[in-house]
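Any value given below was found using the heavy atoms of this structure, including those in side chains, with hydrogens, waters and symmetry copies removed. Each chain gets a letter, A, B and so on, in the order its sequence line appears, and its residues count up from 1. Computed from a prediction, not measured in an experiment: that's the story for all the values here.
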2 protein chains.
Amino acid sequence: MPRRADPERIAQKREQIAVEAGRLFAAQGYDRTSVAEVAKAVGTSPASVFYYFEDKASLFRAVFERDLPAAEALIARHVEAPDPVTAILDVLDALARDAADPSASGMLIELLRRAGDDPELLAVVGRTANVLREGLAALISRGITEGAIDPDLDATETAAWLQAIVDATYLNARPGHSPHIELHRTVLGYLNPPQGRQEEPNG
Amino acid sequence: MPRRADPERIAQKREQIAVEAGRLFAAQGYDRTSVAEVAKAVGTSPASVFYYFEDKASLFRAVFERDLPAAEALIARHVEAPDPVTAILDVLDALARDAADPSASGMLIELLRRAGDDPELLAVVGRTANVLREGLAALISRGITEGAIDPDLDATETAAWLQAIVDATYLNARPGHSPHIELHRTVLGYLNPPQGRQEEPNG
DNA sequence: GTCTATAGCACGATAGAC
DNA sequence: GTCTATCGTGCTATAGAC
């Protein structure tokens with residue numbers, strides 16, 4: 001029973017459409033998912049979807065706009081943690097949590113693909129990625145200061161590389177295969193001060 | 001001057017079309033590249049393209065069919081190398097060589113995306129990936145035997161993970177940024193026997 | 001073998017009634 | 001706000017002349 005304009009109801013409907021669209025985009029891809037299909041999944045008409053979203057591209061973007069607050073909360077939760085290396089692993093674990101879900105792989109691929117075509121989408125995911133990168137970089141810097149991370153590493157570059165490795169866990173997704181062990185070993189091996197990697201420490 | 005059936009000329013034309021198609025697919029994506037566009041780039045008509053390729057999907061697959069012999073040659077060149085760890089790094093370097101080229105990133109993304117929709121494409125790239133994985137696994141096994149690689153690692157699983165890390169270098173591509181340093185550090189840190197990663201070796 | 005022309009279809013987005 | 005109906009567009013693939 002929609003009374004008045006009810007802005008909250010509008011937000012709920014937008015959310016409902018975005019969720020259903022996200023499912024379909026992840027499973028089938030952007031181009032192979034028609035707005036009519038999304039409308040049917042929600043139980044409405046294409047025209048109604050276009051009432052809530054300007055066009056199909058903005059519908060896709062809506063799926064990723066919810067990630068920014070989640071990323072900010074994730075970083076806030078770990079940035080003050082006592083041990084920076086543990087905090088880094090916890091953050092990366094959270095980011096890789098969905099890696100086993102093959103539809104999450106599909107969504108990452110669609111995202112990478114469409115980010116090249118839609119500058120606004122690039123801005124949306126760029127903001128999220130920046131929050132994560134800066135949060136990780138801060139933890140890396142602290143780890144370097146405390147001697148737990150190789151001081152030769154550049155904090156920001158390393159943070160970007162860790163993000164790419166998380167993406168790799170999505171690409172390496174196989175059902176029933178948890179990426180955590182590989183991820184931990186990779187990250188610890190990368191961050192560790194050179195304790196035995198090179199036989200000759202420089203003078 | 002096309003005399004007779006001239007099977008060699010057919011192969012050349014197919015190659016020419018596949019090369020041009022590859023360029024466009026990498027730059028714009030599969031769905032956003034029409035066969036008409038490919039035809040124009042080659043200087044011919046859409047009908048002529050369909051004379052050489054059954055359909056658009058097979059045109060896309062042709063781009064990746066050339067990778068199998070290249071992969072076999074790459075593995076053959078390194079599988080007998082004296083130092084297995086160096087050989088692994090050399091193979092991965094070769095695979096990551098194009099990672100700086102942004103259009104190569106685009107092609108990887110299109111490949112991942114279409115492999116889910118085209119079983120024949122999945123088979124084509126699967127054969128190439130298997131050759132690389134088995135070659136790397138053989139090198140890893142030898143490295144374990146020689147004591148240069150952690151014996152707790154599973155050779156095949158590790159090979160698959162190294163392939164995923166190579167993919168990560170493509171995703172982390174930025175102009176003027178060479179992935180080799182990160183790649184080497186990551187791989188060596190991952191393969192190394194636990195010399196200082198854990199303070200307590202198990203009894 | 002290569003062309004022009006077009007069939008046949010699917011889709012994004014809009015118009016306009018209710 | 002939601003609908004039905006449809007416009008306009010662009011595509012893959014084919015037909016048929018040369």
Side-chain angles (χ1 to χ4, degrees), chain A residues 1-25 27-63 110 113-114 117-121, chain B residues 1-25 27-63 110 113-114 117-121:
Chain A
M1 40 190 86
R3 295 192 271 175
R4 318 275 172 100
D6 204 342
E8 190 177 338
R9 207 193 135 74
I10 291 183
Q12 277 183 5
K13 190 92 188 189
R14 268 186 68 101
E15 174 88 0
Q16 183 193 2
I17 295 171
V19 166
E20 220 58 50
R23 252 197 275 279
L24 288 166
F25 286 148
Q28 309 177 344
Y30 179 82
D31 286 294
R32 302 182 100 84
T33 301
S34 69
V35 175
E37 233 171 329
V38 175
K40 185 183 275 184
V42 180
T44 184
S45 68
S48 189
V49 172
F50 281 110
Y51 175 80
Y52 287 98
F53 293 91
E54 192 189 341
D55 54 18
K56 192 184 176 184
S58 83
L59 177 57
F60 187 76
R61 284 197 298 274
V63 177
E110 286 305 308
R113 165 122 161 36
R114 286 215 37 86
D117 295 340
D118 182 349
E120 250 180 282
L121 174 62
Chain B
M1 39 191 86
R3 295 192 271 174
R4 318 276 172 98
D6 204 341
E8 191 177 338
R9 207 192 134 74
I10 291 183
Q12 277 183 6
K13 191 91 186 187
R14 269 185 66 100
E15 174 88 359
Q16 184 193 2
I17 296 171
V19 166
E20 220 58 50
R23 252 196 275 280
L24 288 166
F25 286 148
Q28 309 177 344
Y30 179 82
D31 286 294
R32 303 183 100 84
T33 300
S34 69
V35 175
E37 232 171 328
V38 175
K40 185 183 277 185
V42 180
T44 184
S45 67
S48 189
V49 172
F50 283 109
Y51 174 81
Y52 287 98
F53 294 90
E54 192 188 341
D55 53 18
K56 191 183 176 183
S58 83
L59 177 57
F60 187 76
R61 285 196 298 272
V63 177
E110 285 305 308
R113 167 130 161 29
R114 286 217 35 88
D117 295 340
D118 182 348
E120 247 180 286
L121 174 62

Length of the CG-C1' vector between B:D117 and D:dT12, whole Å:
16 Å

Give the rounded distance in Å between these two atoms: CZ of B:R9 and C1' of C:dT2.
11 Å

Hey, which sits more toward the 5' end of DNA chain C by its nearest nucleotide, B:G43 or A:A57?
B:G43

Face-on cation placement of B:K56 at B:F25 ring, 6.0 Å and 45° thresholds:
no

For a side-chain contact (heavy atoms from CB on, under 4.5 Å) check, start with the C-alpha distance between A:V49 and A:L59, then their side-chain angles and the critical distance, and finish with the verdict.
CA-CA 9 Å; A:V49 172; A:L59 177 57; 4.2 Å; yes

Taking the minimum atom-to-atom distance to the side chain of B:S48, which one of C:dA13, D:dT2, C:dT2 wins?
C:dT2

Sub-4.0 Å heavy-atom contacts from residues 28-38 of chain A onto DNA chain C, ordered by number
A:T33, A:S34, A:V35

Does A:Y52 reach a base, just sugar-phosphate, or nothing at all? Heavy atoms under 4.0 Å.
sugar-phosphate

Measure from the side chain of A:K56, starting at C-beta and using heavy atoms only, and say which of C:dG12, D:dT2, D:dT4 lies closest.
C:dG12

Check whether B:Y52 reaches the backbone of B:E15 with its side chain - one donor and one acceptor, N or O, closer than 3.5 Å.
no

Okay, side chain of A:E110, backbone of A:Y30: is any donor-acceptor separation there less than 3.5 Å?
yes

Tell me: CZ of B:F60 to P of D:dA13, nearest whole Å?
15 Å

Rounded to whole angstrom units, what separation is found between the CZ atom of A:R14 and the P atom of D:dG1?
13 Å

Can you tell me the distance, in whole Å, between the OH atom of A:Y51 and the C1' atom of D:dT2?
10 Å

Does a side-chain N-to-carboxylate-O contact under 4.0 Å join A:E20 and A:R23?
yes

Distance, rounded to the nearest Å, where A:D55 contributes CG and D:dG8 contributes P
21 Å

To the nearest Å, give me how far apart CZ (B:F50) and P (C:dG1) are.
19 Å

Output the single nucleotide from C:dA13, C:dT2, D:dT2 whose closest atom is nearest the side chain of A:K13.
D:dT2

Calculate, to the nearest 0.5 Å, the distance between atoms CG and CD belonging to B:D6 and B:Q12 respectively.
8.0 Å

Minimum-distance nucleotide (side-chain atoms of A:I10 versus D:dG1, C:dT2, D:dT4):
D:dG1

Please examine the side chains of B:P7 and B:I10, heavy atoms only from C-beta on, and report whether any two atoms are closer than 4.5 Å.
no

Which whole-number value in Å describes the distance from B:I17 CD1 to C:dG1 P?
12 Å

